[in-house]
Visitor: 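Handing you this structure, nothing more for now.
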Amino acid sequence: MGFMSAGLQGGPHSLLRGYGEHERQGFNWWALLSVAQFVLPYRRMLALAVALMLVAAAAQLAGPYVIKVAIDGFIAQHDVRGLIGASLALLAIFAGGAYASAGQALLTGRLGQAVLRDLRSRLFAHMQRLPMAYYDRADSGRLISHMVSDVSVINELLTSGIVALSGDLIILLGIIGIMLAMSARLALLSFMVIPVMILLTAWFSHAAARMYRRTRQKVGVMIGRLAEDLATVRVIRAFAKEGEASGHFEHTNRENRDANIAAISLAFAFRPAVDLLAAIASLIVIWFGGRFAAAGAVSVGTVVAFLSYVSRFFAPIQELSQLFTTVQSAAAGAERILGLLQTPVTIADAPRAVPLEGLQGEVELRDVWFSYAQDKPALRGVSFHVAPGEKVAIVGPTGAGKSTIAKLLLRYYDVDEGQVLIDGRDVREVTLQSLRRQVGVVPQEPFLFAATIRDNIRFGRPEASDEEVREAARLARADAFIERLPHGYDTWVQEGAVNLSLGQRQLLCLARAILCRPKLVILDEATSSVDTQTERLIQEALRVLLQGRTAIVIAHRLATVREVDRIIVLDRGRIVEEGTHAELLRRPGVYRRLYEAQMASAAAAG
Amino acid sequence: MSGTFARVLRYIRPYAVPEASAYLCMLGMAGTGLVVPRLVGQVVDRGVIGGDQAFLLRGVLVVLLLSMLRGLMVFGQGRLSEAVAQGVAYDLRNELYAKLQRLSFSYYDQAETGQLLARATSDVEMVQRIAGRGLLMLLNATITALGTAIILCAVNLPLAAFSLASMPALVWVAQRYARQMRPLSVAAQNQLARLTGRLEQNLKGLAVVRGFAQEEREIERFERENALLYEANLKTVRLSARRGPQLDLLAQWPVVLVIGFGGYLVIRGLLTVGELVAFNAYLLNLVQPLRRLGWLVSTLSVSLAGAERVFEILDLPEEVQDAPDAISLPQLRGDVAFENVSFAYVRHAPPVLENVSFFVPAGSIVAIVGPTGSGKSTIINLLMRFYDPTAGRVLIDGYDLRKVKVESLRRQIGIVLQESVLFAGTIWENIAFGRPDATDEEILAAARLAAVDEFARALPQGYHTPIGEKGVMLSGGQRQRVAIARAILKNPAILILDDATSSVDAETEQLIQAALWQLMRGRTSFVIAQRMSTVRRADLVLVLERGRLVGMGTHEELLASCGLYADIFYGQLLPEAQPAREPAGEPRWVS
C-alpha cells in the first residue's frame, strides 16, 4: 500500500505529513533504535533488499552508457553485429533492473509488513497486561492510533526510507566528490547556496510544523464534531436542531478546508524556492565558469559537466530533507510506541504467585485504603469478612465506594494499604488468571462484545457446549427473549449492543457469569434495568444458583437486597453500619435514612 | 465506475475556473521547463564558449526571471488545484452531513459509527485526491503522451509504428494491474478496519476481558486478525512486485527497438544519427507520462472506490422525509391517536408492533407498561416520527404525521430518553439546547425544577462547567436531571419520559418525581413507566405484550380485566406482600 499512498498525495502533502507529529524539537534517535530491534529478525531480508537496490541502481546507470556506446560506436561504424549485441545487452540490463527493483520492493514490502505485524502483536499483548489504572487516564482513540498510525509511519521509514536513504546519500557524496575533484574553486562557489538552502529548509520545517499541527487540530475538531453528532443524532432530531447542527459542522468543515489550503500553499511556495536556488546555483556556475573559462582556468567541458551535476545535486538534497521528515515522524511514532511498551505492568503475577485452587469463597478485607487519584481516597480503612457461602450486600449512596470493592476483589487495582484476602490468601500472592477465573462478576455497565449472543454468553468459558449456553441463558431468564430474536442464539450483538435493551444486556451478562459456575459471585447493580417481573424470576433463579456460593451484591436499590444474610452500609469510603435488614432498620442510621427516603419517594409519587 | 467518475466530475464543475487556471499554470510550468534548459545551453554556447560577456549577463538575467516565473506557476498550480480539491471535499462533507441528518434511524440501527466516520474522512479524502492534482496529472499525462506520439510519427513513421506497437500493451497491463489491485487494497483496508474494531472492542470491554481472565484468548484472536492483515497487505505487495517489472519492461522495450531497429535504419542510411538521438529523447518523453498514466489509473481506481462508498450513502433512501406538500403543524393541543399501527424495524422481520390502536385526549397522562421488548420504546419512536409505521396511521390533533413537517412536530414534543445524551459543552448550554432564545431566568427555573441546581452550583464553574469528555464527568443521575431540565425548558405540548429516573438515588429521585409531575400537568404525557406509583396516577394505562396492546384503561379497570397487568402488579408487590401499601423501593419495569 505504501506506493499507493505515496502516489497522488506525494510531494507537498507527504512533505507536510511528517511535521507537527513530533511535538518536541529534535527527536529521539534512541527510541528509533529501540524500535529497530523489531527489524533484527529480518536483517537478512533487509541486507538482500539493499543489495538488490544497488543492482537496480547500477542497471539504471548502465542503460544510458550502453546506448551511448551503441550510437557512438556500433551505429557510427555500421557494425550490425555489435548493434545486435548492444541491443540484447540493453534488454538484459533493463530486465535485470526491473526484476531487481521488483525484488527489492517485494522484500522491503514483506519486511515492513512483518515488522508491522510484530509491533502490533507486541502492543496488543502489552495492552492486555497494563493495569486498569492506566486505562482510567488513556483514551481508546489514542491507543488505537498507536496501533494504526504510529506503527505505519515506522513502516514507511522501513519500506521507502532506509533504501532511499542509502541511495540518495551515495549519489550526493559522489557528486560532491566529483565536483571537488574537477574544480575545487568552482565547486566551493556553487556550494554557496547550500547554507541558504539549509536556512530555508529550517524555516520551512518550522512553519510547516505549525501549519501541519493546525490542520491536524482542525481535522480533529471536525471529526470530533461529526462523531458527537452521530452519537447524538436522535437528540438533535428530537429537538429539531438539524439546521443548527449543520451550521456548526459547516463551520468546522470550512476551517479544516482553509487550514489545509494554507498549509499546502506553504509547501508549494517552498518547492519553487528550492528550484530557484537550483537555478541560482546554475547561474553561479555559468557566470564564474564563463569567466574562469575565459581566463583559461577551467575547460569548457568542466563547466558543462558542472551544470549537469549542479542540477542533479538538488534532487537528492530535497529527497533527503523529505526523508528527514519521515525519519522525524517515525522517531516520534517510535517514541510513543515505546512509551506504551515501557509502561510498567504493575498488576502482574508476583514471582512466587501460586494458582488459587478450589476456591471456597471466603472473602476478607483488612483495613483497606485505596484511592484512584491522589488525596482522594475512595476507601478509607474498610474491613469485613464474608464466610464461604454467605450472601452479603453492600449498599450506600452514589460514590460511597461500593464498586471499588468489587474491583479490588478482582484485583483490577492493588490496595494502597491493607489486604484483600480470598480464602485467606492475599490476592497479590495468587495468579491473576486463577483468581479471576473462579470469580463470577456481573458488572455495572452491561458490556457485550460485537459477536453472536452465543459467543457473548460463553465468553468466560469458550469451550462450553451449546447446551450449557442454553442452560445458562435459561437460568438467567434470558432464554425467552433470545428465542424470540430472528436468529436466536446466533443473533449478532451490534457494537454498543444497540440492538438490545439495557435489561436484555444485563440478562446476558448474568448468563455469561452463570456459565462459569463461580464459587464467588459479584453482582454489581446487576439487575437494575430489568423489569420487576423478570427481576423476580432472576431472584428466584439466583436463590437456587447461589446455594453454596459466596455472593457479594452491590445495590443502591434497597428492595433488592432484603434477602441477603448481611448488609454492609458504606458511606464516603467507610463502613458505617453492618447487620441484617431488620437490625439495620431498628437503628437510626444511614441505612434507615436511605430506606425511608426510598419509601417516601415511592409514597410521594403514589 | 465511469458513472462514479462522471459524478465526481460534477462536483468539480463549480470549480471549473480555478481548475482551468491550475491547468494553465501547469502548461506554463512545462513550457518554461522546456525553455530554460535550452536557454542555458545557448548561454553556455555563446556566453561561455563564445566569450560574449554581454550575452552572458543578459542570458543569466533572463534565466533568473524565467525561473521566478516558473516558481510562481508552480505555486499557482499547487494552490489552485488544492483549493479545488479542498472545495470539493468541503461540499461533499456538507452534503454527507446533511444526508446523515436525514437518514432514517433504521439506518443507524445497523451502521456502526466508525464506518460512517471513515466515509466522511478517508473516503472523502480519496475523492479529494481525484478532484485536485489527480485529474490535472491525468490530463497532463494524456496530452503529453498524445503530443509526443504525433511528433514521433512525424519524425519517422515506420520507426514510430514499430517502436510504439507495444504501447497499447503497456496501457492494457497498467489497467489490468489497477483492476487487480483494487479489490486487494479494499480487502486490506477492510481487514485493517476489522483489526481496529477488535482492538476497540477489547479496550471497551477491558473490564470484562480481565474479569473472565480471557486475555490470552483475546491475544490469540487479535493475532489471527493481525496475521490476516499481514496476508492482505502482502497480497498487494506481491501484485505490485509481479506487475512492476512487466510495466517497466514494456516501457523500456521501445528504447531497445529504437536502438536496434533505428540503428539498423541509420546503417541503411534511412535515418540520421541526429534523428535517432532526438527520437530516443522524445521516446523518454512518451514513456514517462504513459507509465504515470498507468499508475494514475490504478490510484484513481482506488480513489473511485472511496467515492463509490460516499455516493452509496448519499443515495440511501431517506425513509422519514417531509412529503412535498407537508404542512407545518400549528400550536398543538395534544390529542394522540394510533390507528391500526404495525411496525417492523427490519423488513420481513417479525413486527415489533402489531395492529395497535388507541386514542389519548389532550392533557392525559399515559403510562405504557409491559415486559422487556414488548414494544414500548417503539411507540415513542413512532410518535416522534423517528420511523414511519409499516401499516396504519399515527395522528396528532387529527394530523397524519406523514403529512406534516417533521421539524414542526418535534419542536413541540419534549423527550427524556432512556440513556441521557448530553453534548460536550457546559451544563448551561445543554439545558438551553432546545431553546437557545430562552432567558437566563427561564433556564434557571428549569434547572431548579429538575433538581440540577444543587449539584451545578457545587461545581467549580457552576453552570458553566464544561461536561463530557474534556470536562467534568457527571453521574448517570446528574445527566438525567440535565436532560429533564432540557425538556422542561422546551415547554412542550407533548411530553415523553422514557425510563426517566432509573439511575438516581432515592433522595434525588424524590425531587425529580415531584418536578416531573409538575411538568406533566396540562400536557399529554407518555411515560414508559417503571414505578407502580406512576401507573396508578396515570389517566390511561397501555399494557403491551409482544407488540400487541393487551390492555387499556385505568389502573383499577385493568386490575380487574387484564391478566398480564395483574400479574405485573402483584408481581411487583410480592416481596412486600402488602397490597394496601405502596411498594417499597422502586420496583421497575423497563423496555
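Letters A, B, ... are given to chains in the order of the sequence lines, protein chains preceding strands, and every chain is numbered from 1.
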Visitor: Side chain, backbone, both or neither: which part of A:D79 has a non-hydrogen atom closer than 4.5 Å to chain B?
Guide: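 For A:D79, the contact with chain B is made by the backbone alone.
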Visitor: Is it the case that the side chain of B:Q214 and the backbone of A:G460 share a donor-acceptor pair, with hydrogens and angles ignored and the cut-off at 3.5 Å?
Guide: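 Side chain of B:Q214 to backbone of A:G460: a pair is present.
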Visitor: Decide whether a cation-pi geometry holds between B:R217 and A:F459; the criteria are a distance under 6.0 Å from NZ or CZ to the six-membered ring centre and an angle within 45° of the ring axis.
Guide: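 Positive - B:R217 is close enough to the ring of A:F459 and near enough to its axis.
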Visitor: Do you see a donor-acceptor pair shorter than 3.5 Å between the side chains of A:R117 and B:N226?
Guide: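 There is no such pair between these side chains.
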Visitor: If we ignore hydrogens and angles and just use 3.5 Å, is the side chain of A:R437 paired with the main-chain N or O of B:A213 as donor and acceptor?
Guide: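 A pair under 3.5 Å: yes.
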Visitor: Which bit of B:L57 is near chain A, if near means a heavy-atom gap under 4.5 Å: side chain, backbone, both or neither?
Guide: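 The answer is both parts of B:L57.
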Visitor: Please classify the contact of B:L276 with chain A as side chain, backbone, both or neither, using a heavy-atom distance under 4.5 Å.
Guide: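 The side chain, not the backbone.
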Visitor: Between B:E82 and A:S265, is there a donor-acceptor pair closer than 3.5 Å when you use the side chain of the first and the backbone of the second?
Guide: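 Here the side-chain-to-backbone pair does not exist.
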Visitor: When you measure from the side chain of B:R93 to the backbone N and O of A:F249, does any donor-acceptor pair fall under 3.5 Å?
Guide: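 A pair under 3.5 Å: no.
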Visitor: Between A:F124 and B:F222, does the ring centre distance come in under 6.0 Å?
Guide: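 Judged by ring-centre distance (under 6.0 Å), A:F124 and B:F222 do meet the cut-off.
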Visitor: If I measure from the heavy atoms of chain A, does B:M68 come under 4.5 Å with its side chain, its backbone, both, or neither?
Guide: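 B:M68 touches chain A through backbone and side-chain heavy atoms alike.
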Visitor: Using distance alone, with no hydrogens and no angle criterion, decide if B:D248 and A:Y99 have a side-chain donor and acceptor under 3.5 Å apart.
Guide: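 Checked: B:D248/A:Y99 side chains show no N/O donor-acceptor pair below 3.5 Å.
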Visitor: What part of B:L66 gets closer than 4.5 Å to chain A, counting heavy atoms only: side chain, backbone, both or neither?
Guide: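 Contact with chain A is absent: no heavy atom of B:L66 under 4.5 Å.
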Visitor: Considering only heavy atoms, which portion of B:K490 lies under 4.5 Å from any heavy atom of chain A: side chain, backbone, both, or neither?
Guide: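 Just the side chain, heavy atoms under 4.5 Å.
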Visitor: Between the side chains of B:N202 and A:Q128, does any donor sit under 3.5 Å from an acceptor?
Guide: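 Per modelled atom types, B:N202 and A:Q128 side chains form a pair under 3.5 Å.
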Visitor: With a cut-off of under 6.0 Å to the ring centre and 45° to the axis, is B:R79 in cation-pi contact with A:F268?
Guide: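 Not satisfied by the 6.0 Å and 45° rule.
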